[in-house]
Amino acid sequence: MTVNLPPVYEPKEVEDKIYQFWLENNYFYAAREEGKKTFTIVIPPPNVTGSLHMGHALDNTIQDVLIRWKRMQGYDTLWLPGTDHAGIATQNKVEEHLASEGLSRYDVGREKFLQMVWEWKEEYHGRILKQLYKLGVSCDWSRERFTLDEGCSKAVREVFVSLYEQGLIYRGDYMINWCPRCHTAISDIEVEHEEKSSTLTHIRYPGVDWAGSIVVATTRPETMLGDTAVAVHPEDDRYRHLVGKKVMLPLMNREIPIIADEYVDPSFGSGAVKITPAHDPNDFEIGLRHDLEAIKAIGDDGNMTPEMGEYAGMDRHEARERVVKDLQKLGLVEKIEDYSHSVGHCQRCNTEIEPLVSLQWFVKMKPLAEPAIKVVKEGKTRFIPERFTRTYLNWMENIRDWCISRQIWWGHRIPAWYCSCGEMIVSRTDPERCPACGGGDLEQDPDVLDTWFSSALWPFSTLGWPDKTPDLEHYFPTNVLVTGYDIISFWVARMIFMSMAFMKDIPFEEVCVHGLVRDALGRKMSKSLGNGVDPLEVIDKFGADTLRFTLITGQAPGNDQRFRYENVEASRNFANKIWNASRFVLMNLEDFRPQGLPADLNRHQRWILDRYVDTVEQTNMLLEKYELGEAAKTVYEFIWGDFCDWFIELSKVPLYGKDGPEKEKSKAVLYYVLEGTMRLLHPFMPFISEEIWQHLPRKGKDKALITSSWPKPEGNLSDKQARMEMNLVMQVIRAIRNLRSEIGFPVGKKAAVILRAPAKYLRLLYQEEVFIKKLAWAEGVTFIDTIAKKPPQALTAIVDEIEVYLPLGGIIDLEQEISRLEKELQGVEKDLKKVVAKLSNDNFLKKAPGNIIEKEKNKHDELDSKRKKLTTRMTELKKLL
RNA sequence: GGGCGAAUAGCUCAGUGGGAGAGCACCUGCCUUACAAGCAGGGGGUCCGGUGUUCAAAUCACCGUUCGCCCA
């Protein structure tokens, strides 16, 4: 065959074409083949809010590596793709868009608004898919899902009603986190705490039925308007006598009681605290214990409520200043000190969260958490790396009830209806009549569910649950979930407890946790910083294989990585290297028909095959352990270091020579190794490997690399002898190159070489003569045995028991050579000293394992012989001075 | 307050109970008919500090320092 590939790899010419080829041949489709082991991954569904970022690129590349690897290993693989409706986030986007036209969602109405969100969803869903195609992911697109599609919605409805019937979902007035900007309740984990410098205001409340006053300290003076008590610790002697008495709440002129509660920390501030049950989670608890009224001072919009007299309608921050000012006028502010404390912010819009009491829906978590804790403790679901188990358990064991209702429109509407008679109906099907009064005046709850409620069902709702589908039967539980550590509690934990509750089984066996992709300076990539790198841009400029390889090699399990263009370039260079090595092989495979490996392999061939099987084994082992970065590096080192730098160079001798049979053997091995290496490379760099593979003059019926098999070397190709011999030969070549370079002898210019070696090595070296000549630019190699006289005016190097001489006569500076040897001798003596110390230690000899002692002894002999040879040589040279 | 992580070459980071590694950067020499996105050679490190366990610690344990993250 004739091959004419360009010398620079152009991903653009290849990638779209190859992806199309895979799609057209349906290679990603999971055929549900009986008798095959399954390997299933469900994608962490990206939000339809916007486009994919580097984190998605990493997450999906990891999944694709695993899926391609398992597919080639012959598993019945399913990678199920999909997207998430992302309630608040998506709704915010569309509202922003509306706001730019001066409209709010209320102006357009619920129905019209939802239609607009669906349009938005369609657009971004399309973009996301295009991005995933570009990245080269091999998802089964025929099974794609969306959290708001019919099937997922059915699952959501079933779970909600079922949990309600079991008493695990309830509705009630409790303290929740309210985002005044998103205008909805959010769950505890959607609140991000941020340390802020603020002030601690000490306010004096005058006594009513006693003389004197009591001082309370607060970071939120404006909430005092809603105070309904002052609390002290029951054992605090300073205040014990005041418990049960009353103080006058300034500004509001309301009498409130002094109560005693264990919660109060006597060492904080004055030891007395104001209690605002409507605006602080702890105060709310105290309020319940003491039956206090919860007076709402701040409304849903973040402004003071109408009941707050002259402060009514004022923004909460403005009210804070006014309240302090007014209290100061009354002389009731004791002092204001600087204080730092953590303030909750909305994860979606960064607005300060307002804790307030509100009528919401909740999931009772304790009973659901228990089995979810158990399966992880029993190791049925494992986190990788293992340390994330603690993150998970820590959260699960301290879980609180989950507020699941959201006051937005985009999402799964809560399946509860209220009748004018006061009856509430929770139902799997939309009710038409009230079962209590028979009336038809029913109104559905206007709220929707937390997005994570539907994502929590993802591993089984996407496979068809609550129906008993063949897919669910066949592919559940899934094998591995790949995700970032930032959503372990949001998502991973919830999938586990929902799966335990409804499937009575784990959702996945392993959770492969990765870190974040940061910018080159180590900062989180964010819109506001504008430091995000668009994966599409990188793909466009460098190719998807390059981006994938960069992300994979930059990744150590569970650790963050920085995205740097230096690394991208290194990966790009690697792709080009692969391309050129393949070009070289293909250029030499004219009229070649693969017929398996020849029988009488030479040393180089046995060596590269030994390296190849070792690489396959290593790569496989690392993939098993989810060490994808190390696995990719192993392949990199083999291709660049062993195959290109050595084997291809060595092969040039027979390929360019006249020995026909040797030439054919070379072709056969080059082909064999390149073909196998493309299979090994495929999960990491699917495009270039498929492209090259398609150019190979293959035997066999496989039409595509993607569905061919994972390398399984023929027979036993491991060859210890070849390995040892080649190591020696390579060391000799390196030693010669090194000597030449030491004195600035130009590369390519020939120089004579003398090798003085013991008899056992002479044959080996003689056989390798032509290769030593080529790779070390030797004019000729003279072999002498150890009794032969050494060349006088020559550079010296010692490799094992072999002495390497470069007899360069006049151009050698003897003094310089002596001092060079002296330096080397010092190094040898330093190492020798360490070894001697070990070997003369009785405890070492007694307790260290045999192979270690053996190793140290060998090392000792080698160093000692080298020391002797160097010393002798130095004395000889000194005589010449 | 509780938990977790990081600290290794100039930079970014792997690694591991038994001779300190990679990529990039740097220095030297090369257009050697696959590749200058390349080839050959080189310099450069108290593996954060301390204590302990061990025949052996950069690696394990404990204490500390600095930085980062998560949770309350």
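Residue numbering restarts at 1 for every chain, and letters A, B, ... go by the order of the sequence lines. Not measured: the values here are computed from a predicted model.
Contact between the side-chain N/O atoms of A:Tyr656 and the OP1/OP2 oxygens of B:U32 is not found at any separation under 4.0 Å. Of the side-chain N and O atoms in A:Trp640, one or more sit less than 4.0 angstrom from OP1 or OP2 of B:C39. Phosphate contact (OP1/OP2 of B:G42, side-chain N/O of A:Asn738, threshold under 4.0 Å): present.
Across B:C55, B:A72, B:G19, the shortest atom-to-atom separation from the side chain of A:Pro849 is found for B:C55. For A:Lys652, counting side-chain heavy atoms from C-beta on, the closest listed nucleotide (B:A34, B:G38, B:G18) is B:A34.
As judged by a 4.0 angstrom heavy-atom cut-off over every strand, A:Lys846 is placed among residues making no nucleic acid contact. The residue A:Asn851 sits apart from the nucleic acid: no heavy atom pair falls under 4.0 Å. Looking at heavy-atom distances under 4.0 Å, A:Glu649 makes contact with a base.
Taking atom C1' on both nucleotides, B:G52 is separated from B:U59 by 15 Å, rounded to a whole Å. When the P atom is compared between B:G21 and B:G42, the two are found 13 Å apart, to the nearest whole Å.
We find that A:Lys366 and A:Asp401 are not joined by a salt bridge, their nearest charged nitrogen and carboxylate oxygen being 4.0 Å or further apart.
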Every protein N/O within reach of nucleotides 3-14 of chain B N/O, cut-off under 3.5 Å:
from  : atom 1 : to       : atom 2 : distance (Å)
B:C4  : OP1    : A:Arg390 : NH1    : 2.4
B:C11 : O2'    : A:Arg564 : NH2    : 3.1
B:U12 : O4'    : A:Arg564 : NH1    : 3.3
B:U12 : O3'    : A:Arg562 : NE     : 3.1
B:C13 : OP1    : A:Arg562 : NE     : 2.5
B:A14 : OP1    : A:Asn559 : ND2    : 3.0
B:A14 : O2'    : A:Glu630 : OE2    : 2.1
B:A14 : O2'    : A:Lys633 : NZ     : 3.4

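Judged purely by atom type and a 3.5 angstrom limit, A:Glu15 uses its side chain to pair as donor or acceptor with the backbone of A:Ala544.
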